[in-house]
Amino acid sequence: MSTKQPIGLPTYFAVFAALLVLTGLTVWVAFQDFGVYNNVIALGIAVIKSTLVVLFFMHVIHSTPLTKLILVTAVFFFLILVAFVYADVWTRDMLNLPGRPPLIGG
Amino acid sequence: MKLPFFPEQASAMAQQVDAISLFAVSISFVAGVGIVAVLTWLGLRYRRSHRDEVGSAGHSSNLLEIIWSVIPGIIFIGLFFWGAKIYFENYRIPPDAVRYYVVGKQWMWKYQHPSGNREINDFHVPVDTPIELVVTSEDVIHSFFVPALRVKRDAVPGRYSTTWFEANRTGTFDIFCAEYCGAEHSLMIGKLHVMEQHDYEEWLEGNEPAQSLAMSGAALFEQNSCGTCHRSDSSARAPILDGIYGREIALLGGGVIVADDAYIRESIMNPQAKVVAGYQPIMPTFQGQLREEEILELISYIQSLGKKAESRTEAAAAVSDEGE
Amino acid sequence: MSDSTGATTRLAHWYRSYEEQTESVTLGIWLFLVTEVMFFGGLFMAYTLYRSLNPEAFAAASHHLSIFLGTVNTAVLIGSSFTVVMAVWSAERGKQKSLVFWLGATIVLGLAFLGIKANEYAHKWHEGLVPGPDFVFHDTREGVHAAADPNRARMFFHLYFGMTGLHALHMIIGIGVFLTLMVNAIRGKYTRQWHDPIPVAGLYWHFVDLVWIFLFPLLYLIGRH
Amino acid sequence: MSSAALHTQSDTNYLNDGFGIRSWLLTTDHKRIAILYLITNTLFFFMGSVMAALIRIELLTPEGDLVQPDMYNRLFTMHGVIMVFLFLIPTIPAVFGNFLIPIMIGAKDLAFPRLNLGSWYVFNVGAALIFYSIFKGGLDTGWTFYVPFSSTYSATNVMTAAVGIFIAGFASIMTGLNFLVTIHRMRAPGMTWFRMPLFVWAHYATSIIILLGTPVVAVTILMVGAERVLHLGIFDPAYGGDPILFQHLFWFYSHPAVYIMVLPAMGIQSELVAGMCRNRVFGYRAVCYASVAIAVLGFLVWGHHMYTTGQSPYAGTIFSFLTMLVAVPSAVKTFNWTATLYRGSISWETPMIYAAAFIGLFIIGGTTGVMLGTLGIDVHVHDTYFVVAHFHYVMVGVTMMGFMGGLHYWWPKITGRMYDAFWSKISALLIFVGFNLTFFPQFLLGYMGMPRRYHAYPEQWQTLNVLSTAGASVLGIGFVLPAIYFLWSLKKGKKAEANPWGAVGLEWEISSPPISHNFEETPVVINEAYDYQAGHVGVIPSTEKEADLV
């Protein structure tokens, strides 16, 4: 799993503190009104927090390339599922629904 | 023209689908026979001559790999474009299409003609006229399938799916339910009777319905006392429905939507979802009180209001402005 | 099998070295986490799609969740991730007493999380927000033009109980694993040379924490302004 | 064929290394677990076939007169569930993968032997639940479990079968995980990635699909189960749900699942063609990349099952385009197998007959698959017998031919006995003829518009259906024969030598049947895969001078 340069204690404390701060930040942001950006920021912070946990707490930062590849593959295929389902749902009503004037020439 | 082992071709679209299918079958046949021929020839030519004979040194050639990746790829992509063209032609409804409603219910098909006629399983349509089918289901997923017209559209509950066809030959064709829907899935069949225009009109008179779709919609409109809020003279409590059909409406809380069948159905079943700007969400839900055909009748009624109100649109627009 | 130091070695006979065994076990847990990502992925997919299909109803429903308890839970779970990291750190250095301490801390924090979750569930139960025959819902957001449709708000709670319930189930399994590890640690089963189960359980626990890191904003925070 | 044997012919092997129920039911030897899987899965295959026979007899007549419509629905549902989840998905990986992967890469056993035995027990618990649901009256939702029929309208015991499939899915995940870790970590020295047999490559790709896909169907089945028990309306549009979301989540797994069924058979096909032609597979690396390409692209195409169901036409176009791409690696493999025969030394034993049948039927199965992936054609033939014929050509024509070919190729290695050459050829031909007679007419029926899952059909299609049923009976006989002569060979078959086909591969350089831990001493691999010039792949380090070891 790891080529065994152990992560020092200070790093653990720093990451732990950062995670708590980020949690506080995301809750604070939730109460501000940034319009559509609220969701983007909330997910962005969640992604940052999870990257911190993955890299330092799960020692992926100095683990073998295989472990990194496995992690990326899992996330990639989940995003494929989300992307293609949304590709369907968002464009489902773009072409002639009954009663709607035909979108393209026709 | 009836090819052996092909269903009748009763529409222009059917010929296109048969053309692409024949193309695909012939390409596959040629490729298949080619490979099997090479396989048999190699199989016989290099039969083992003595017990310990071993094959010659292994071969591989990147050029050959590229060739037999790119060539099938090109053929498949070609097939894809041709298929996509047919699919979109079948998906895009011509503006002059006459709209019929098809409602799938466990183990029967119910049709509604614009003139108000209603039929179960057997469907009478005029020839040489583009016919738009708005397909929905009351319970599980069904699928309206006419092999002779190469037309298939799933009836999904809670959604209006559309497809269209234009039969270019008269005759009687099979209608099937293609999506498994329970015990009598195989008995949910009917006959599509494509008739000359005058025969169709005679048939309509012969089976004169009590009233047209719009009229039965109007009756429902009264029955459920929609008129108390949706008045034609004042838009204080609710939007005026005359001429609203197919028009873009501003929504409360921003956003604009076209008042199409789906929006009207959603506003009946879940009124608070998209409230028109300038109004309070006071409309009660009719979820569970109206059957699918009744909603379709109300939609036809609202659509008919649009046509009647052509002349009075300015007045209605003026009135609704005061309402805001 | 016992090696020179008398402590029973845990090297399975078909591995050539400890190094190879640790690598196999770690690769195994990472691959298991891939299946967990896709398992929760299906639910996250359903949640995000239904949120975009019914934005108003989901926003109204998520107002009933207490942000305070959610935040505390997130902090507790991050804390338990930290204690697990310390446990792995101690195991690598063969510090048995500190390993036992940190494993105990992880279990305590895990139970704290489940306690808070149980409290939230009970609160929902009293408010009648548990989807079922006697589900009652009224929109408590102020300055909103249209009250949300109770049926669609109920969909939010199906997914809320489904996802947090599945997450809590994974927590319970995790706590069970840590309990067994702690008992073994007390018996001195883990040495500097062999302590594979600790990092493996740690990775599983960090994954459960990751799921919550995404669950918290999606369920509690979005649509709150 | 004097291959430097890696074994001394000893009379103790994994079969007689311990007798009695405990030694079999608590074994962690990957070879014994493979035998356990072979017994249970063959049993499930025959149960599924009984239902297929009843379906074919029912369809002899246009009116449904053999069984009630409701009973017919249960028959085709259980035929689908048993064949898909209890035979096609698990069998080749669990039987041949378990037995051969450790040997082919020079390992003593899989990475997690206890997990391997656990997977067999978990698999049988799932199977028991599925058969309990049959015992209680069966399931009538079709193996696809489409909502809202399966979640609200079906009155049969969907819940029991759903939990059964959920549990059987775990067995599949356990096997997939075991293979991946073994292939990554436990290869013998010198066995680099591109010296591994193509059989191992195919199972590597299959395991990737298993790990990424199975959990998604697990959570989908959980949702359907929750819906049935609590009546939540998760997929009910009135409550904000969407029945098409179920189809997305279901097919996200179920299309890659068809590659889980077909890739292992392709792995066997590569071994059969190489072994029977005593030739290195043409374009070895191209076939390796093709396997992995199928695994990855297989996840991007599931929408081609949903062209007519209200999925947006734009999404349908994306899925159709990607379906065309995923067909290319399969075509590349077919061309490579055919080219392997060039300047080979081909013996037309039974395995080679199955390999040739595999190629012929895979051409038909593959090209009709491309036709179904084309938007224009699919609208007409979706949910008709054209689809039924296509997936039977791929499932029976490809996976079954691969399974039978593998069985006939490795039977001497697994049991140490040779089977009767004459009868095996007869049964192979019977299966080939019966199969084509059964399923080719269904292509015609499908294009003529006969819908799937129909208990009664218009009379004009009776002749083709009678032809199909006739073919089914020939196919049935074809499948019964192997059961007879294989069991017969266990007692009466003559002793098999270590390398009956003169093939090259680590599994042919150890005794038949192998000893319990496969190799007396871990071999060192010094040659490329299928190196017929060298005649062998591995060597025992202690008997070789250090200089020879690479």
Side-chain angles (χ1 to χ4, degrees), chain A residues 1-6 30 36 38-39 42-43 46-47 49-51 53-55 57-106, chain D residues 176-177 180-181 183-185 193 204-205 207-217 219-220 237 240-256 292 295-307 309-323:
Chain A
M1 161 194 83
S2 61
T3 46
K4 271 299 166 240
Q5 304 110 334
V36 77
N38 258 64
N39 302 358
L43 278 183
V47 164
K49 282 166 69 177
S50 48
T51 335
V53 167
V54 161
L55 290 184
F57 283 6
M58 296 170 101
H59 305 291
V60 163
I61 196 155
H62 53 59
S63 69
T64 57
L66 178 64
T67 316
K68 296 185 177 103
L69 177 69
I70 291 171
L71 190 63
V72 166
T73 317
V75 173
F76 172 74
F77 279 101
F78 168 64
L79 293 179
I80 285 286
L81 171 64
V82 173
F84 277 76
V85 168
Y86 268 99
D88 168 28
V89 170
W90 273 339
T91 59
R92 195 174 283 173
D93 297 336
M94 274 167 68
L95 199 59
N96 57 29
L97 264 188
R100 177 178 295 190
L103 198 63
I104 310 151
Chain D
L177 191 141
L180 282 178
V181 176
I183 295 170
H184 267 289
R185 285 284 175 255
W193 279 92
Y204 184 74
S207 304
I208 292 173
I209 305 175
I210 289 174
L211 282 187
L212 286 170
T214 318
V216 176
V217 80
V219 82
T220 315
D242 179 8
I244 297 177
L245 171 68
F246 169 85
Q247 291 182 19
H248 274 298
L249 287 173
F250 177 80
W251 288 114
F252 178 80
Y253 163 71
S254 295
H255 185 77
V292 178
V296 173
L297 289 174
F299 274 98
L300 313 179
V301 295
W302 76 81
H304 57 227
H305 297 275
M306 297 156 64
Y307 288 152
T309 183
Q311 173 185 243
S312 123
Y314 299 102
T317 323
I318 299 168
F319 283 123
S320 178
F321 183 76
L322 291 168
T323 306

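Computation of the quantities below employed the complete heavy-atom set of this structure, encompassing side-chain atoms and omitting hydrogens, waters and symmetry-equivalent molecules. Naming: A, B, ... by sequence-line order, numbering from 1 per chain.
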Undergrad: Report yes if some heavy atom in the side chain of A:D88 is under 4.5 Å from a heavy atom in the side chain of D:Q247; otherwise report no.
TA: no
Undergrad: Does anything in residues 70-81 of chain A form a side chain to side chain donor-acceptor pair (under 3.5 Å)? List the pairs, not counting sequence neighbours.
TA: none
Undergrad: Any side-chain heavy-atom pair from A:V89 and D:H248 closer than 4.5 angstrom?
TA: no
Undergrad: Using 0.5 Å steps for rounding, measure from the OG1 atom of A:T64 to the NE2 atom of D:H184.
TA: 9.5 Å
Undergrad: Minimum heavy-atom separation for D:S312 to A:A87, with atom names?
TA: OG-O, 4.3 Å
Undergrad: For residues A:F78 and D:V216, determine if any side-chain heavy atom of one lies less than 4.5 Å from a side-chain heavy atom of the other.
TA: no
Undergrad: Report the distance from atom CZ of D:R185 to atom CG of A:L66, rounding to the nearest 0.5 Å.
TA: 6.0 Å
Undergrad: Which pair of non-hydrogen atoms, one from A:I80 and one from D:W302, has the smallest distance, and what is that distance?
TA: O-CH2, 4.0 Å
Undergrad: Run the ring-ring contact (aromatic ring centres under 6.0 Å, His included) test against D:Y253 and tell me which residues pass, sequence neighbours left out.
TA: none
Undergrad: What part of D:L180 lies closer than 4.5 angstrom to a heavy atom of chain A: side chain, backbone, both or neither?
TA: neither
Undergrad: Heavy-atom distance under 4.5 Å between the side chains of D:L249 and A:L81, does that happen here?
TA: yes
Undergrad: Looking at CZ of A:F77 and CG of D:L211, how far apart are the two atoms once the value is rounded to the nearest 0.5 Å?
TA: 11.5 Å
Undergrad: Does any backbone or side-chain atom of D:L212 lie under 4.5 Å from a heavy atom of chain A? Answer side chain, backbone, both or neither.
TA: side chain
Undergrad: Run the ring pair (Phe, Tyr, Trp, His ring centres under 6.0 Å) check on D:F252 and A:F84 step by step: do they pass?
TA: CA-CA 10 Å; D:F252 178 80; A:F84 277 76; 9.2 Å; no
